[in-house]
Amino acid sequence: MDFEFPLRELPAVMRGPRVERRRVLLGGSAFWGTIVEEGNERGLLRLDDGRTVDPQALVHLPPVDPSKILAVHISYRSRSMETRNRPKPTDTPTYFTKPPTSLNGHDGQILKPADCRYLNYEGEYAVVIGRTCRNVLPDEAWDYIEGFCPALDMGLQDFRDTDQGSMLRVKGADTLLPIGPGIVRGVNLFEQTLRTYRNGRVVQEAHIGDETIWGPHYVIADIARHITLMPGDVILMGTPCHSRSVDVGDRVACEITGLGRLAGQVVGIDAPRAAVLGVGHPPLDSPEVRRVALGFDERVPERFKENYRLAAQRQE
């Protein structure tokens with residue numbers, strides 16, 4: 001592992017036992033609970049009021065309520081090699097934001113407007129802030145982390161031409177951030193493998209420890225130099241190579257060993273009503289849009305390309 005600040009010892013947030021907290025909808029109300037890790041009820045969700053329920057039978061809500069969502073542009077070597085043809089994209093991380101209204105829960109619907117062609121997946125892990133954080137050193141930053149979640153940083157790449165800098169419409173549309181199913185502590189993040197699936201086939205894969213350029217402790221210390229991070233805030237830590245577009249009807253999932261599996265269904269919706277009046281910059285199928293949405297196939301493993309093609313032929 002090549003971190004800006006190597007870990008001298010495993011921080012408390014990554015030391016066991018494993019604890020996973022989820023937020024679910026039951027009887028029209030939201031409840032928090034903890035996944036049972038041992039015994040006959042292993043895998044069930046023990047709500048904070050004492051009831052034990054099967055989480056697979058419940059609607060999952062996003063397990064976060066952030067004041068802001070921040071995202072690293074590139075933080076995996078394979079992604080940097082694909083897009084920049086070098087193992088480190090920039091000397092220091094760069095960021096964009098997603099509005100809290102982009103949040104989506106596990107097994108939710110990911111909406112693809114009819115006038116947009118390119119909706120790309122990006123499997124990631126998210127860092128959830130646990131307490132107010134400002135002006136900290138990297139070694140101190142671990143103590144401000146509540147836990148980690150799988151996430152899908154979906155993007156409408158049709159707006160790349162106009163929103164290249166802000167990424168506002170590219171990454172900020174409603175439903176474009178499935179996250180969860182829960183927040184996990186007690187797992188060594190850098191020993192885990194991230195995989196993204198399209199209709200059950202692996203289209204992204206990375207061992208987090210081997211590919212990470214900047215760890216979350218460095219990113220938090222960087223951001224918190226000037227921006228106060230609040231409890232519940234989310235930092236998305238980037239994606240490995242082979243982000244590609246998906247179609248209506250596709251099922252997309254991000255699985256991180258030790259953290260869990262998050263999924264969402266791509267659903268088509270009508271174009272916005274104002275679009276027919278010519279309001280705003282239209283979605284485009286330009287060379288710049290295709291460069292990002294379709295990627296650089298010559299720089300990614302053949303198995304991802306083949307799985308992507310096969311996944312297009314069927315839907316789960």
Side-chain angles (χ1 to χ4, degrees), residues 69-76 78-85 89-90 94-104 108-124 151-178 196 198-199 203-204 236 238-252 254 264-300 304-305 308-309 311-312 315:
I69 300 166
L70 308 172
V72 184
H73 275 113
I74 297 176
S75 66
Y76 283 76
S78 64
R79 181 69 167 160
S80 184
M81 287 300 300
E82 179 189 9
T83 60
R84 309 292 178 90
N85 205 22
T90 49
T94 59
Y95 308 98
F96 62 93
T97 66
K98 291 171 78 94
T101 47
S102 65
L103 285 170
N104 199 345
Q109 293 184 342
I110 304 167
L111 302 182
K112 184 175 184 179
D115 59 346
C116 290
R117 179 173 180 177
Y118 301 110
L119 173 62
N120 279 47
Y121 56 76
E122 293 186 11
E124 311 197 8
L152 284 165
D153 180 19
M154 307 296 292
L156 293 171
Q157 302 298 344
D158 309 67
F159 289 104
R160 272 279 174 170
D161 284 304
T162 184
D163 286 357
Q164 177 69 37
S166 71
M167 303 284 280
L168 180 61
R169 284 164 291 192
V170 176
K171 295 296 186 78
D174 295 352
T175 76
L176 293 194
L177 182 54
T196 307
R198 181 191 187 190
N199 295 330
V203 289
Q204 288 184 300
L236 301 173
T239 196
C241 72
H242 201 248
S243 165
R244 298 293 186 270
S245 185
V246 291
D247 299 322
V248 171
D250 281 345
R251 186 167 176 81
V252 184
C254 174
Q265 191 80 23
V266 180
V267 174
I269 58 172
D270 292 339
R273 294 169 60 210
V276 299
L277 301 178
V279 174
H281 194 283
L284 296 178
D285 186 12
S286 68
E288 171 61 15
V289 165
R290 290 194 296 274
R291 181 188 70 82
V292 179
L294 304 180
F296 296 85
D297 274 357
E298 69 274 15
R299 300 178 191 167
V300 300
F304 296 158
K305 294 182 285 184
Y308 179 78
R309 288 191 291 265
Q315 298 169 2

Contact check, side chains of His73 and Thr90, non-hydrogen atoms, under 4.5 Å
no

Does any non-hydrogen side-chain atom of Ile69 lie less than 4.5 Å from one of Leu103?
yes

Quiz item: cation-pi between Arg290 and Tyr118, 6.0 Å / 45°
no

Any Leu284 side-chain heavy atom under 4.5 Å of Asp158 side chain:
no

Trace of the side-chain contact (heavy atoms from CB on, under 4.5 Å) decision for Ile110 with Val246:
CA-CA 11 Å; Ile110 304 167; Val246 291; over 6 Å; no

Any carboxylate oxygen within less than 4.0 angstrom of a Lys/Arg side-chain nitrogen, looking at Lys305 and Asp297?
no

Side-chain donor or acceptor of Gln204 paired with backbone N/O of Cys241 under 3.5 Å:
yes

Point-to-point distance, once rounded to the nearest 0.5 Å, from NE2 of His281 to CG of Asp163
8.5 Å

Between Ser102 (side chain) and Asp174 (backbone), is there a donor-acceptor pair under 3.5 Å?
no

Lys112 side-chain N/O to Val266 backbone N/O, donor-acceptor pair under 3.5 Å
no

On a heavy-atom basis, which atom in Glu288 and which in Gln164 lie closest, and how many Å separate them?
OE2-OE1, 3.3 Å

Walk me through whether Glu124 and Ser75 qualify under side-chain contact (heavy atoms from CB on, under 4.5 Å).
CA-CA 10 Å; Glu124 311 197 8; Ser75 66; over 6 Å; no

Heavy atoms, side chains only, cut-off 4.5 Å: are Leu236 and Glu122 in contact?
no

State, yes or no, whether a side-chain contact exists between Val289 and Asp161 at a heavy-atom distance under 4.5 Å.
yes

Between the OG1 atom in Thr83 and the CZ atom in Arg291, the distance rounded to the nearest 0.5 Å is 7.5 Å

Is the CG atom of Asp270 crowded by more than 12 outside heavy atoms at less than 6.0 Å?
no

With under 30° as parallel and over 60° as perpendicular, where do the rings of Tyr308 and Tyr121 fit, or are they tilted in between?
tilted

Whether Arg299 engages the ring of Phe296 as a cation-pi pair (distance to the six-membered ring centre under 6.0 angstrom, angle to the ring normal within 45°) should be assessed.
yes

Give me the atom names and distance for the closest heavy-atom approach of Arg79 to Ser243.
NH1-CB, 3.7 Å

Using the rule given for side-chain contact (heavy atoms from CB on, under 4.5 Å), can you reason through Leu176 versus Asn104, listing the C-alpha separation, both sets of side-chain angles and the distance that settles it, and then say yes or no?
CA-CA 7 Å; Leu176 293 194; Asn104 199 345; over 6 Å; no

Nearest atoms (heavy-atom pairs only) where Ala293 meets Asn120
O-ND2, 3.0 Å

How close do Asn199 and Asp250 get, heavy atom to heavy atom, and via which atoms?
ND2-OD1, 2.8 Å

Please report the C-alpha distance between Arg198 and Arg244 in whole Å, then the side-chain angles of each, then the deciding distance to 0.1 Å, and finally whether the side-chain contact (heavy atoms from CB on, under 4.5 Å) criterion is met.
CA-CA 10 Å; Arg198 181 191 187 190; Arg244 298 293 186 270; over 6 Å; no

Close side-chain approach of Arg160 to Arg169, heavy-atom, < 4.5 Å:
no

Heavy-atom check, side chain of Pro282 versus side chain of Asp115, under 4.5 Å
no

Mind checking the CG-OG1 spacing from Leu152 to Thr196? Nearest 0.5 Å is all I need.
6.5 Å

Which atoms form the tightest heavy-atom contact between Pro99 and Gly172, and what is the distance?
CG-O, 3.3 Å

Which heavy-atom pair separates Leu156 from Cys116 by the least distance, and what is that distance?
CD2-CB, 4.0 Å

Just wondering, do Asp153 and Met167 contact through their side chains at under 4.5 Å, heavy atoms?
no

